[in-house]
Amino acid sequence: MFNGTEAEERRYLEVIMAKLHQALKEMDDKISSTYEAVIEAKKYLWDNAALLDPAERAANRVDVSLTIDMGEKAIVKRRRVQKLLQSPYFGRVDFKEGQQTRPDSFYIGVHSFTEDNGQDNLIYDWRSPVAGMFYDFEVGQAFYTAPIGEVHGEIGLKRQYKINQGAMEYMLESSMTIHDDVLQKELSGSSNERMKNIVATIQKEQNAIIRNEAAHELIIQGVAGSGKTSVALHRVAFLLYRHKETLSSRNVLIISPNKVFSDYISNVLPELGEEKIMEVSLEELAAKELSGIGHFQTFYEQVSELLGDETDEAAIERIKFKASAEFVGQLDAFIQYADEHYFSPEEITIDKVTISKADLFSGYQASGRLPVKSRLEKIAAHAMAYCKDEDGKRIAASASKKLKTAVRKMFKCQDTLSLYKEFYRYLGRPDLLKLKPGKKLEYSDVFPLIYLKIYFEGVAPFDFVKHLLVDEMQDYTPIQYAVLAKLFKCKKTILGDSSQSVNPYSSSSLTEIKKMFPGAETVELLRSYRSTVEITTFAQKLKQNRKLIPVERHGEEPLVLPCPGPEDEMVTLRRLAGEFLSSGHHSLGIICKTHAQAEEVFAKLKDTGHQMHLLDFNSEQFHEGIVVTSAHLAKGLEFDQVLVPFADASTYRTELDRSLLYIACSRAMHKLIVTCAGEITPFLKP
């Protein structure tokens, strides 16, 4: 057997490390010589500019450009080798194909590594076809999918390694998919400042999602801590690897809930050797589409309003009404009705040229695929080009504005906002549209208005985006998905957890999202890797999911600490923050129900000398240390330890509050403490 013993494996690692160091030196030399060549070429061009003819100058510029391109590619390869020098590989599969007498040994790492002759592939990229067997099969019969089709054979050996800074910490024989010992070691470690890649611990069900190339829309419902965001990002890395000729990082966009979350996940793709992908919030998209039409309330402002002391039942009714799949159907029915009834043509005579009512109507019907404004403009343009008076004269160019205005006025509504108001009159429910002070739209009106804008004015689709990621899918309504479907015709990965909505009045279940994408493939990730069994059990009391499967990792029981009064609670928080600093853990999240509470805690604790950060909607970075924030902003993040203050009966009382408390508690990896002054919330009573 090739490298049959641990001693042989350690010697082989030394050989690979030496080859990597040699490759790094050669790349440094190549980059240095490329730099010198560019400098020399530019100097030659400068010194001889007057002597060179245009063809020579052009040829020299091309040479410089090609040399720079070579240098940039060498820098990318150098980064990958540097990454491999930290940990060249994490797995090995010995696979004997068909009638082979001896198996081939495949070492699997974050990147591939081939010696200069190009013949010997020493390390295989985790995304390569043969690497798929490491994740999907136990020892025994197996196959991988190559360009020529399925290659069948037998796995005779699987090994997993932990290599850190080029030194092997341990090696495990693994007959199963991913050895539980490896998973436990990875999960029991402290959190990092940003999300890490998971290539060494990808599970079989996760690998199936990552390598799914067929689905046009893939919807991932994942329980808290199931790694759904990480899996989605690894899926992007896989697709970039598989389709490098037609897909680049510039063609991928993620709809992200906030800047902090974007920063938190920003390290994953660069760790995998890919460039960062573009991110945008749904509100930034909305601001672009509604520029010049109106200002609007943000989602955060909507949730903050709902968390206030006074309950506005009418506002809740408006939100619920506009968050259903039926609402999209009502908008479509209205669009069809407007198409049939809101254009009322009248005969026009301009410059002795008469355009009949019938001609106007047939022109309107013939251009039915266009937005309303484009249809009206096309009718006017057609009349200018083809309609003549008795003497054969056309309408003068100077009268075009007058003609366009006359045609435009034949449509009942002159702008998108008027059309939107008309929609509620059509429903017989004008009360469902209520502007906030300063004529600001409620957040629940933003995307219905954009939907009608697309019908009335049209939209420029984002054709450069070839793959769209939508995270926190439960916080987006059917009408928002309907808008995304019109803006982005590309493939989509949609992911989230219906148990983690920050606004249950407008949350979408998996069933509702599937209605918007009837051809979508759906998968569920039910294993939770983030929290200990004890923390998961505690959080399940708040929102039970009988399908959830916790990974068997144990730790301290979560604590509920009652305090005599508010000041005592602050003293307790200060003490617990101090204990965290000596715990060896990297991150503590103090997660409050509202941002106002988070500001209060931060103001009272920031003078203690702790490394403390307040996360709000203006924050752009995620930090290690002590982070104070609201449940809304904590969603998608994780911390070694979590403190949840103010968990009293008056603070957490509604179903929305229960959801926020669940989100806060399920952020904890290793330790969870809940504090309250006064009666504990009924959600946590035995």
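All residue numbers refer to positions in the sequence shown, counting from 1. In what follows, every heavy atom counts, from backbone to side chain, and hydrogens, waters and symmetry copies are set aside.
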Tell me which one of K453, E457, K421 satisfies side-chain hydrogen bond (donor to acceptor under 3.5 Å, both in side chains) with T416.
E457
Among K228, Q474, Q221, find the one that has a side-chain hydrogen bond (donor to acceptor under 3.5 Å, both in side chains) with D497.
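For D497, the side-chain hydrogen bond (donor to acceptor under 3.5 Å, both in side chains) test succeeds with only one of K228, Q474, Q221, which is Q221.
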Is the closest side-chain heavy-atom distance between [X] and [Y] below 4.5 Å?
X    : Y    : value
K491 : L468 : no
V459 : E289 : yes
E275 : L269 : no
K276 : P270 : yes
D415 : L419 : no
L660 : L307 : yes
E422 : K412 : yes
T229 : L495 : yes

Could you check R408 against E377 for salt bridge (charged side-chain N to carboxylate O under 4.0 Å, His left out), going step by step and ending with a plain yes or no?
CA-CA 8 Å; R408 192 166 57 244; E377 287 172 6; over 6 Å; no
ring-ring contact (aromatic ring centres under 6.0 Å, His included) contacts touching residues 464-487 (sequence neighbours left out):
Y481-F517
The test is side-chain hydrogen bond (donor to acceptor under 3.5 Å, both in side chains); show your working for E521 and H216 and say whether it passes.
CA-CA 8 Å; E521 287 187 38; H216 195 270; over 6 Å; no
Worked check of salt bridge (charged side-chain N to carboxylate O under 4.0 Å, His left out) between R127 and E274
CA-CA 13 Å; R127 297 167 288 189; E274 303 294 347; 2.9 Å; yes
Between Y300 and N258, does a side-chain contact (heavy atoms from CB on, under 4.5 Å) hold up when you go through it step by step?
CA-CA 10 Å; Y300 171 65; N258 54 65; over 6 Å; no
Would the number of heavy atoms belonging to other residues, nucleotides or ligands and lying under 6.0 Å from [atom1] of [X] be above 12?
X    : atom1 : result
F361 : CZ    : no
K244 : NZ    : yes
Q336 : CD    : no
R425 : CZ    : yes
K514 : NZ    : no

Would R394 and V353 count as a side-chain contact (heavy atoms from CB on, under 4.5 Å) here? Give the steps.
CA-CA 7 Å; R394 295 189 178 92; V353 176; 6.0 Å; no
Distance, nearest 0.5 Å, that separates [atom1] of [X] from [atom2] of [Y]:
X    : Y    : atom1 : atom2 : result
K404 : K409 : NZ    : NZ    : 15.5 Å
E283 : I255 : CD    : CD1   : 11.5 Å
M278 : S262 : CE    : OG    : 12.5 Å
S506 : I479 : OG    : CD1   : 13.5 Å
R429 : Q330 : CZ    : CD    : 10.0 Å
L449 : L441 : CG    : CG    : 6.0 Å

Indicate whether any N or O donor in one side chain lies under 3.5 Å from an N or O acceptor in the other, for [X] and [Y].
X    : Y    : answer
S509 : S498 : no
S356 : D359 : yes
H234 : Q206 : no

Applying ring pair (Phe, Tyr, Trp, His ring centres under 6.0 Å), name anything that partners [X], two or more places apart in sequence or on another chain.
X    : answer
H295 : none
F488 : F462
Y424 : Y420
Y455 : none

Any Lys/Arg nitrogen of R242 or E213 sitting under 4.0 Å from an Asp/Glu carboxylate oxygen of the other?
yes
Does the distance from a Lys or Arg side-chain N to an Asp or Glu carboxylate O, for K393 and D351, drop under 4.0 Å?
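The answer is no: the pair does not qualify as a salt bridge.
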Among Y342, Y451, Y337, F334, the one residue meeting ring-ring contact (aromatic ring centres under 6.0 Å, His included) with F423:
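By the ring-ring contact (aromatic ring centres under 6.0 Å, His included) criterion, F423 pairs with just one of Y342, Y451, Y337, F334: F334.
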Parallel, tilted or perpendicular for [X] and [Y], by the 30°/60° rule?
X    : Y    : answer
H632 : F299 : perpendicular
Y443 : F447 : perpendicular
Y364 : F343 : parallel

Apply side-chain hydrogen bond (donor to acceptor under 3.5 Å, both in side chains) to residues T349 and T354 and explain how you reach the verdict.
CA-CA 4 Å; T349 300; T354 298; 3.1 Å; yes
Just checking H595 against F617, ring centres under 6.0 Å apart?
no
N251 side chain to S248 backbone, donor-acceptor under 3.5 Å
yes
Under a 3.5 Å distance rule, please check whether T522 uses its side chain to pair with a backbone N or O of I219 as donor and acceptor.
no
Working note: L282 + L484, criterion side-chain contact (heavy atoms from CB on, under 4.5 Å); need CA distance, chi angles, decisive distance, verdict.
CA-CA 9 Å; L282 218 52; L484 288 177; 3.8 Å; yes
Set of side-chain hydrogen bond (donor to acceptor under 3.5 Å, both in side chains) partners for N197, sequence neighbours left out:
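Partners of N197 under the side-chain hydrogen bond (donor to acceptor under 3.5 Å, both in side chains) test: E271.
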Walk me through it: do I355 and L360 pass the test side-chain contact (heavy atoms from CB on, under 4.5 Å)?
CA-CA 7 Å; I355 307 151; L360 290 167; 3.8 Å; yes
Walk me through whether E442 and R318 qualify under salt bridge (charged side-chain N to carboxylate O under 4.0 Å, His left out).
CA-CA 9 Å; E442 290 186 326; R318 291 194 294 273; 2.7 Å; yes
Working for salt bridge (charged side-chain N to carboxylate O under 4.0 Å, His left out), residues R375 and D339
CA-CA 11 Å; R375 293 164 78 178; D339 237 21; 2.8 Å; yes
